[in-house]
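For reference, the structure is listed below as structure tokens.
Each chain gets a letter, A, B and so on, in the order its sequence line appears, and its residues count up from 1. Note that the coordinates shown come from a computational prediction; the quantities given were computed from them, not determined experimentally.
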Amino acid sequence: MRVALAEDGALFREGLLMLLQAAGHDIVGATADGDALLDLLATEPCDVAILDIRMPPEPDGGLITAERLRAKYPDMGLLFLSHYAESHYLMRILDIGTEAVGYRLKEKVGSVDVLSDTLDRIRDGEIVIEPVLAKRLVERPRGEKKGLVASLSERETDVLKLMAEGRSNNGIAGQLFVTPKAVEKHIANIFGKLGLHADTSENHRRVLAVLEYLRAQRDDD
Amino acid sequence: MIAEPAHRTDGAPQAGAEVGPRSEGARPGSPTVRLLPPGPDDRLRFRRARWQSRQRLERQLHDGASLRISALALKLGVVRHHIASAAPDLDGSIDDLQDQLHAVLQELREIAGRIYPTLLDEAGLGPALRGAGDRCEATVRVQAPDRRFDPAAEGAAYFAVADLLGALGPDSDVAIVVGDDGGALVVTVEGVPVEYAGRMLDEVAGLDGTIDVTGGTGVGTITARIPCA
């Protein structure tokens, strides 16, 4: 896969480059800020751009750069890396795009398998969300949803967490060592209990419905 | 590391300013000088500087230790990739080390957040208070403008409200409105026991802030008003 990278911390940039190389990816280039990445990508195409959220142009250059990249190259995948797994940033990322985007903690992509799995899923159009954040969203949903989410069985809660990570049915089945059919059944139960009526035929819509549900707040945001 | 200035109680004469005969007076010939106690303007400047130093500490944790540890996690991943087939035991140890690095980072993030929340620094009071609302038991709604206030006012307002939210149970339903009144930051917190007003005053008084309470003695509304620099 062709990958480009913008990160202002030299140590981390170097580590990530080494890991990307070990994973056998083709590195188009690495820059210390978003504007330089835009310049670079004007001549070198890539499949996924990896962006540090907190880098120049200040204060959150990763997000601004991503908006520009999405407008210019709608098919390019975007992976955001950060020290913080915050739903505030997740919502801002989903405002930029709901397809082929990922948001992960910097220290959690530290293996060839995890990094490549994350990049593959993004290239395939999925949303990839840091499991630490997905878990928190499910365990601490906002407002009156707390009771409804608490009514799910343990297995259903596991499935909901994996959905909140952006995983497809097959992905969830693989993680839980069950058949996709069993996952379907769990998801139908979850949507029934939570009173969600989203179009359940497509993975992607379902993931978005779950994220919206867990985050939904009344008048603000 | 920058040391945080020692806490001083507001209004009281500064202990360090009292130069007694045992210190300076013991050296003959050198005149004894008594420092004037800080005036209201000095105290305010001191408080504002304290918030700015907190903000710097948070950034230092983020740019220094956190970045170094994250980079280490990646380099361990590279090492594992090179030795994986040869040494399955080592593979497991590296997994374990990476988990521990993640745990250390989570602790650093927690400390950084108590010094000065990253979201407050980066995104302002609205997102930071929503984050605090997510972490507490109560149901919390936040309305806030996009505009930013000075770091001291935002810091004091954040900690005043976040401490209060942390003390509430799951039955509380709180509405927070952040606004601007002639250059002052105004935060209205509705649906909270008014007995907490005193604790909020502790946070904002240093910046010449005020607290108003409406709603008698039970659940009511607390309004904090903090002048901005």
Does [X] come within less than 4.0 Å of [Y], counting only side-chain N to carboxylate O?
{"X": "B:Arg80", "Y": "A:Asp113", "value": "no"}
{"X": "A:Glu139", "Y": "B:Arg135", "value": "no"}
{"X": "A:Arg140", "Y": "B:Glu137", "value": "yes"}
{"X": "A:Glu14", "Y": "B:Arg68", "value": "no"}

Any heavy-atom pair between the side chains of [Y] and [X] that's under 4.5 Å?
{"X": "A:Tyr89", "Y": "B:Leu119", "value": "yes"}
{"X": "B:His102", "Y": "A:Val132", "value": "yes"}
{"X": "A:Lys106", "Y": "B:Ile69", "value": "no"}

Report summary line: Max heavy-atom pairs within cutoff under 4.5 Å with chain B, candidates A:Arg136, A:Gln21, A:Glu86, goes to A:Glu86
Interatomic spacing from [atom1] in [X] to [atom2] in [Y] - rounded to 0.5 Å:
{"X": "A:Ser111", "Y": "B:Asp95", "atom1": "OG", "atom2": "CG", "value": "7.5 Å"}
{"X": "B:His82", "Y": "A:Met18", "atom1": "NE2", "atom2": "CE", "value": "6.5 Å"}
{"X": "A:Arg54", "Y": "B:His62", "atom1": "CZ", "atom2": "NE2", "value": "4.5 Å"}
{"X": "A:Leu19", "Y": "B:His81", "atom1": "CG", "atom2": "NE2", "value": "8.5 Å"}
{"X": "A:Phe12", "Y": "B:Ser66", "atom1": "CZ", "atom2": "OG", "value": "11.5 Å"}

Requested in this report: Go through the steps for B:Arg109 and A:Glu107 under the test salt bridge (charged side-chain N to carboxylate O under 4.0 Å, His left out), then give the verdict.
Outcome: CA-CA 13 Å; B:Arg109 287 168 185 137; A:Glu107 79 273 19; 2.9 Å; yes
Requested in this report: Check whether B:Ala138 gets within reach of chain A through its side chain, its backbone, both or neither, counting any heavy atom under 4.5 Å.
Outcome: backbone
Query raised in the report: Is the number of heavy atoms from other residues, nucleotides or ligands under 6.0 Å of A:Lys135 NZ greater than 12?
Result: no
Report task. Taking all non-hydrogen atoms of both residues into account, name the closest pair between A:His88 and B:Ala123 and its distance. Result -> NE2-CB, 3.4 Å
Examine whether an atom of [X] lies under 4.5 Å from a heavy atom of chain B, and if so say whether it belongs to the side chain, the backbone or both; otherwise answer neither.
{"X": "A:Val109", "result": "both"}
{"X": "A:Leu137", "result": "neither"}
{"X": "A:Ser87", "result": "side chain"}

**Report entry** Sole residue of B:Leu67, B:Thr118, B:Leu108, B:Asp63 in side chain to side chain contact (heavy atoms under 4.5 Å, CB included) with A:His83
**Finding:** B:Leu67
